[in-house]
Amino acid sequence: MICIFCAIVARDAESSIVYEDDAVLAFMDIRPITRGHLLVIPKRHAEGLAELDPADGGAMYRAARTIGAALRTTSDVDGINLLQADGADAGQEVFHAHLHVIPRRRGDGIGLSGASPTMPPRAVLDDAAAAVRALL
Ligand code: AMP
Ligand code: ZN
């Protein structure tokens with residue numbers, strides 16, 4: 001199956017490019033969550049976190065940081081969210097890794113819900129940390 005983001009990298013599909021270097025391409029999202037919402041992708045295809053070359057991941061973050069910090073210098077943008085969805089159950093729809101750069105404006109009402117209203121006991125957090133450490 002043709003990957004739409006690989007097609008954009010190859011210039012076989014249209015996009016509105018913001019930034020490009022050897023490793024990454026940044027372009028406007030066609031269904032923006034907020035005005036100015038854009039995506040940073042590795043040029044080399046990788047489906048998600050497990051397949052992503054760490055250097056490409058670093059290049060994605062470097063570009064997202066540069067673009068996000070530049071947007072913050074404008075009076076139009078009050079904040080930035082960086083977001084990567086990994087897996088369909090996390091909301092991933094395009095299976096070529098990408099980092100969303102989402103400009104935020106005061107009172108825009110966008111938000112991830114679901115944070116626990118109470119803090120778990122430290123022992124629960126310690127157990128959770130140990131479980132993740134065991135995977136590394
Ligand atoms: P995700 O849910 O994290 O996989 O996000 C995929 C994003 O890619 C969505 O925000 C889409 O609007 C965006 N998208 C899909 N196709 C294109 C395209 N051809 N050009 C730009 N953005 C796209
Ligand atoms: Zn691809």
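Order of appearance sets the numbers: ligands from 1, and atoms from 1 within every ligand. Note that this is a predicted model, so its numbers are computed, not measured.
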**OP:** Check each heavy atom of I33 against ligand 1 and say whether those closer than 4.0 Å belong to the side chain, the backbone, both or neither.
**Re:** neither
Subject >> Ligand-side contact atoms (ligand 1) for residue partner E93, heavy atom cut-off under 4.0 Å >> reply: 1 (P), 2 (O), 4 (O)
Original post:
Do L49 and V24 sit in the same hydrophobic cluster, where Ile, Leu, Val, Met, Phe, Trp and Tyr count as joined when their side-chain heavy atoms come under 4.5 Å apart?
Top reply: no
**OP:** Answer yes or no for E14: is there a heavy-atom contact with ligand 1 below 4.0 Å?
**Re:** no
Original post:
Taking the six-membered ring for Trp, are F27 and F5 parallel (under 30°), tilted (30 to 60°) or perpendicular (over 60°)?
Top reply: perpendicular
**OP:** Considering heavy atoms of the protein only, find what lies nearest to atom 1 (P) of ligand 1 and give residue, atom and distance to 0.1 Å.
**Re:** H98 NE2, 3.1 Å
Subject >> Among the N, O or S atoms of H45, the one nearest the Zn ion (ligand 2) >> reply: ND1
Subject >> Inter-residue atom distance L99.CG - I67.CD1, 0.5 Å rounding >> reply: 9.5 Å
Original post:
Taking only heavy atoms of I4, which atoms of ligand 1 are found under 4.0 Å from at least one of them?
Top reply: 19 (N)
**OP:** Looking only at protein heavy atoms, identify the closest one to atom 14 (N) of ligand 1 and say how far it is in Å.
**Re:** I30 CG1, 3.7 Å
Subject >> Element-labelled atoms of ligand 1 that are located less than 4.0 Å from some non-hydrogen atom of A85 >> reply: 3 (O)
Subject >> For ligand 1, the portion of F95 having any non-hydrogen atom under 4.0 Å away >> reply: neither
**OP:** Could you tell me the separation between the CD1 atom of I33 and the CG atom of L83, rounded to the nearest 0.5 Å?
**Re:** 7.0 Å
Subject >> Close N or O approach (D29, ligand 1; < 3.5 Å) >> reply: yes
Original post:
What part of I8, side chain from CB on, backbone N/CA/C/O, both or neither, has a heavy atom under 4.0 Å from ligand 1?
Top reply: side chain
Original post:
Would H98 and H96 count as a close aromatic pair, with their ring centres under 6.0 Å?
Top reply: no
**OP:** Rounded to the nearest 0.5 Å, what's the gap from CD1 on I80 to NE2 on H100? Could you check?
**Re:** 14.0 Å
Subject >> Which atom of H96 approaches the Zn ion (ligand 2) most closely (N/O/S) >> reply: ND1
Subject >> Over 12 non-hydrogen atoms of neighbours within 6.0 angstrom of CG in D76 >> reply: yes
Original post:
Would you call D21-R62 a salt bridge at under 4.0 Å N-O?
Top reply: no
Original post:
Is the shortest N/O to N/O distance between V94 and ligand 1 below 3.5 Å?
Top reply: yes
Original post:
Going by the atom numbers of ligand 1, which of them fall below 4.0 Å from some non-hydrogen atom of G91?
Top reply: 1 (P), 2 (O)
Original post:
Should the proximity of M28 to ligand 1, defined as any heavy atom under 4.0 Å, be assigned to the side chain, the backbone, both, or neither?
Top reply: backbone
Original post:
Which atoms of ligand 1 are found less than 4.0 Å from any heavy atom of F5?
Top reply: 8 (O), 17 (C), 23 (C)
**OP:** Kindly compute the distance separating CD1 (I17) from CG (L38), expressed to the nearest 0.5 Å.
**Re:** 12.0 Å
Original post:
What is the distance from atom CD1 of I41 to atom OG of S15, rounded to the nearest 0.5 Å?
Top reply: 8.0 Å
